[in-house]
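One structure is given below, encoded as C-alpha cells.
Only this structure's heavy atoms are used, side chains among them; waters, hydrogens and symmetry mates stay out.
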Amino acid sequence: MGQTLRIIITSMLGLILVFSCATIPKPAPEGPLKGLTITLDPGHGDTEAYDDFRVGPAGDREEWINLKVAKKLQKLLLHQGAQVVMTRTDNRDVNLGGRASVAIKNDSDFFVSIHHNGSVNDTTLDYPLVYIWGDARRNPASVDLAQSILNSVEQNLAFETPIGAGVYSDFLIYSAGTAVLRNTYPRIPGIIGEMGFFTNAAGEQRMRDDEALTLEAEGYLAGILAYTKRGIPKAELLKPVGDDYLRPESSEIIFRLTDGLGGHAFDVNSLLVLVNDDTIPHQWDKKSGVLTVTPPRCSHETIQVQVFGRNELGNALHPREWDLLTMIGKEKRWQGPWHAAFGRADSLRGLLNPGDSNFVVQLDATIYWYEQALRLQPVNPRAAEAEFRLGEMHVLKLDWLGDESARGKAVTYFDRVIGYYPTSNFVKSARDELFMLERVF
Ligand SMILES: [Zn+2]
C-alpha cells in the first residue's frame, strides 16, 4: 500500500515537473517593460545536415549562437517586466511564415530576429548591422528600434571592422526583402540584428565567449529600453470596425492615436495619411488624439490606409496596413449559404413573365443568384439543376430578347450538365435542349 502510494506520488511529481517545464516563463510583476510583448526570433535552427555556410572557422554554427543570445535576452527582458514570446527554444527550424505568425498572433509590440552574419569572400569583415524591411521612409518605427539597438550593441562589443555598422534595408539582399520582416511589417515593427561576422576568426571567438554573448544580449536590452522609454505610439481604428465598411454616404475613417507616453502628443507636422499610397488630407484633434480622413470615391473592393506620425519624443508610429472594405467589396463578398442564393434564384424564376416591364431585370437577377449559388458551393446537391436553369435563362434571353450572345452560353450550360453531372436527372432534358438549340440552324 505504502509502496503504491509512493509510486503514485512520484509519478504525480513527474507530471508536475513536465507541466512546469512546458509553461512560458513569467515576466517580473513590475519593471519598465511591463505591459509590452516582444517576440524574439533566434534565426535558423537544425541546418547542419545541409548548410555548410552557416559555420565559423572553429566550427560554431550561427543558429547555436543566435539561440544562446536570444535565451539570454529573454531572461533580461522578463526581468524588466516584458512578456516574451520565443519562436524557438531549441535547435529546431521554424518556417519563416511561422516565425512572423507567432509574433502577430501573440499581439507583439515588436519583433526582434537575432542573427549573426557571414561572408564567404571576405573573412576580414566583422561589423554589426540591423536590417529593416523595405524603404526606410515607409518603415520609420522599425528604423527607430533598429538604430537604438545598434547603438547599444556597438557600445558593448568591439568589432574588427566597425566602419560597416549601420541600419540597412533588406531589399539590398532580397528583392522583396526577408520573409520574416515582410510578413511582420503589415502589423508591427520588426528588425533583424546581425551582430558581427562568424566567418571572421575574431568575430567567431567573440561568439564563443559566453561573457561577450551576455554583453551582446545586454546591448539589445539597453537598446530596447532606450527605444521604449520614448514611448511606442499606436493607432486604433475607431471607424469602420467589425463588419462595417466604407459607406458611400459617410465614408470617413477615424483613428485614435496614442503617443505611448500616456497622452496624444504628436508632432503635428509629422502626421500623414496614405490611402492606396496617395497622401490625403486629414483632420487632427490634438486633445482627443482623433484623426479623421475622408478617402476619395474609388471602385476598389478594399482600400489600404496607413498612418504616419511621430510623438513628441521622436518615436514613430508604425504604419500598420489597414485594409478597409468598400461598399463594392462588401457586396462582392456577400457570403450567404449557397442554398439561400439558390432559393432566391428559384423564387425569382417562378415570377418571370416575358410580358412584364421589368422582365429583363428579373431575368438578370435570376441568373445572378443561380451563379452565386454555384460560386458559393461549386459542388452542391442542386448544382446540376442550377446549371440547367442557367441554360434555360439564356434560352429565354435568346427567344424573348433576341440576344444572340445568349445562345453560346445556353449551349455551354447544357453541355456542362451532360459532361459534369453524368448521373443527374437533368442530363436528358439538357440533351433535348441542346438538340433544340442546334436544330435552329
Ligand atoms: Zn542568419
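Salt bridge annotation for Arg230-Asp144: absent, with no cationic side-chain nitrogen under 4.0 angstrom from a carboxylate oxygen. Electrostatic pairing of Arg182 and Asp170 does not count as a salt bridge here, judged by no charged N lying under 4.0 Å from a carboxylate O. Looking at Lys34 and Glu30, a side-chain N of the basic residue comes within less than 4.0 Å of a carboxylate O on the acidic one, giving a salt bridge. Salt bridge present: Asp93 and Arg99 bring a charged side-chain N and a carboxylate O closer than 4.0 Å. Of the charged side-chain nitrogens involved, none lies within less than 4.0 Å of a carboxylate oxygen, so that Lys330 and Asp243 do not count as a salt-bridged pair.
The side-chain heavy atoms of Leu77 and Leu40, taken from C-beta on, include a pair separated by under 4.5 Å. Looking only at side-chain heavy atoms (C-beta outward), Trp338 and Arg382 come within less than 4.5 Å of each other. The closest side-chain heavy-atom distance from Trp64 to Glu48 is below 4.5 Å. With contacts defined as side-chain heavy-atom distances shorter than 4.5 Å, the pair Tyr131/Ile173 qualifies. No side-chain heavy atom of Leu125 sits under 4.5 Å from any side-chain heavy atom of Asn117. Taking 4.5 Å as the limit, every side-chain heavy atom of Lys229 sits out of range of all side-chain heavy atoms of Pro32. Side-chain contact between Glu438 and Val411: present, with at least one pair of heavy atoms (C-beta onward) separated by less than 4.5 Å. Taking 4.5 Å as the limit, some side-chain heavy atom of Arg431 sits within range of a side-chain heavy atom of Ile418.
Between Asp323 and Gln304, the side chains place a donor N or O and an acceptor N or O closer than 3.5 Å (distance only, hydrogens not considered). Judged by distance alone, the side chains of Tyr420 and Asp415 never bring a donor and an acceptor atom under 3.5 Å apart.
Between the side chain of His116 and the backbone N or O of Gly196 there is no donor-acceptor pair closer than 3.5 Å. Here the side chain of Ser169 pairs a donor or acceptor atom with the backbone of Gly134 at under 3.5 angstrom. Between the side chain of Asn358 and the main chain of Val361, no donor-acceptor pair closer than 3.5 Å is present. Although no hydrogens or angles enter the test, the distance criterion places no donor-acceptor pair under 3.5 Å between the side chain of Asn315 and the main chain of Pro233. At least one donor-acceptor pair under 3.5 Å links the side chain of Arg88 to the backbone N or O of Gly43. Using a distance-only test at 3.5 Å, with no hydrogens or angles considered, a donor-acceptor pair links the side chain of Trp133 to the main chain of Ala176. Put simply, the side chain of Asn91 gets close to the backbone of Asp46: a donor and an acceptor are under 3.5 Å apart. A donor-acceptor pair under 3.5 Å is formed between the side chain of Asn106 and the backbone N or O of Val102. Of the possible donor and acceptor atoms, none in the side chain of Thr37 sits under 3.5 Å from a partner among the backbone N and O of Ser108. The main-chain N or O of Leu325 is never found under 3.5 Å from a side-chain atom of Thr302 such that the two would form a donor-acceptor pair.
Of the inter-residue distances, the one linking Gln80 atom CD with Ile224 atom CD1 reads 10.5 Å to the nearest 0.5 angstrom. Summarising the geometry, atom CD belonging to Gln74 is positioned 10.0 Å from atom CD1 belonging to Ile114; distances are rounded to the nearest 0.5 Å. The NZ atom of Lys397 sits 4.0 Å away from the CG atom of Asp364 when rounded to the nearest 0.5 Å. Here the straight-line distance linking atom CD1 of Ile303 with atom CD1 of Ile280 works out to 7.0 Å at 0.5 Å rounding. To the nearest 0.5 angstrom, Tyr168 atom OH is 6.5 Å from Leu129 atom CG. To the nearest 0.5 Å, atoms CD (Glu216) and CD1 (Ile65) are separated by 9.0 Å.
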Could you go through Ile254 and Val290, starting from their C-alpha distance and side-chain angles, then the distance that decides it, and tell me whether this counts as side chain to side chain contact (heavy atoms under 4.5 Å, CB included)? CA-CA 7 Å; Ile254 305 173; Val290 167; 3.6 Å; yes
Take Asn353 and Gln362 through the test side chain to side chain contact (heavy atoms under 4.5 Å, CB included) and record every step on the way to the result. CA-CA 9 Å; Asn353 179 353; Gln362 285 212 319; over 6 Å; no
Under the side chain to side chain donor-acceptor pair (under 3.5 Å) rule, what do Asp285 and Ser288 come out as? Steps first, then yes or no, please. CA-CA 6 Å; Asp285 180 50; Ser288 61; 2.4 Å; yes
Begin with the C-alpha distance, continue with both residues' side-chain angles, and end with the deciding distance and a verdict on side chain to side chain donor-acceptor pair (under 3.5 Å) for Arg344 and Gln372. CA-CA 10 Å; Arg344 241 189 259 201; Gln372 191 77 345; over 6 Å; no
Show your working on side chain to side chain contact (heavy atoms under 4.5 Å, CB included) between Leu398 and Leu437 and close with a plain yes or no. CA-CA 10 Å; Leu398 177 66; Leu437 278 168; 3.9 Å; yes
Test side chain to side chain contact (heavy atoms under 4.5 Å, CB included) applied to Leu237 and Val305, step by step: CA-CA 10 Å; Leu237 182 67; Val305 186; over 6 Å; no
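The aromatic rings of Phe197 and Tyr127 lie tilted to each other, with the angle between the two planes from 30° to 60°. The aromatic rings of Tyr185 and His318 lie perpendicular to each other, with more than 60° between the two planes, well past the 30° mark. In this pair, His394 and Tyr413 present their aromatic rings parallel. The plane angle is below 30°, not in the 30 to 60° band.
Between Phe426 and Glu385 the shortest heavy-atom distance is CZ-CG, 3.4 Å. Leu181 and Gly190 make their closest contact through CD2-C, 3.5 Å (heavy atoms, listed as atom of the first residue, atom of the second, distance). Closest approach of Asp259 to His264, counting heavy atoms only: OD2-N, 3.4 Å. Here the closest heavy-atom approach between residue Pro295 and residue Leu246 is recorded as CG-CD1, 4.5 Å. In this structure, Cys298 and Ile328 approach most closely via the heavy-atom pair O-CD1, 3.9 Å. Scanning both residues, Ala217 and Val69, for their nearest heavy atoms gives CB-O, 4.0 Å.
By the 6.0 Å contact criterion, CG on Leu172 is enclosed, its count of non-hydrogen atoms from other residues, nucleotides or ligands being greater than 12. Within 6.0 Å of NZ in Lys239 there are more than 12 heavy atoms belonging to other residues, nucleotides or ligands. Within 6.0 Å of the CH2 atom in Trp400, the count of heavy atoms belonging to other residues, nucleotides or ligands does not exceed 12. The environment of Arg256 atom CZ is sparse: at most 12 non-hydrogen atoms of other residues, nucleotides or ligands sit within 6.0 angstrom.
Separation of the Tyr421 and Phe388 ring centroids does not fall under the 6.0 Å cut-off.
By the 6.0 Å and 45° rule, Arg247 stacks over the aromatic ring of Tyr245.
The only option from Glu63, Glu62, Lys68 that meets the side chain to side chain donor-acceptor pair (under 3.5 Å) definition with Asn66 turns out to be Glu62.
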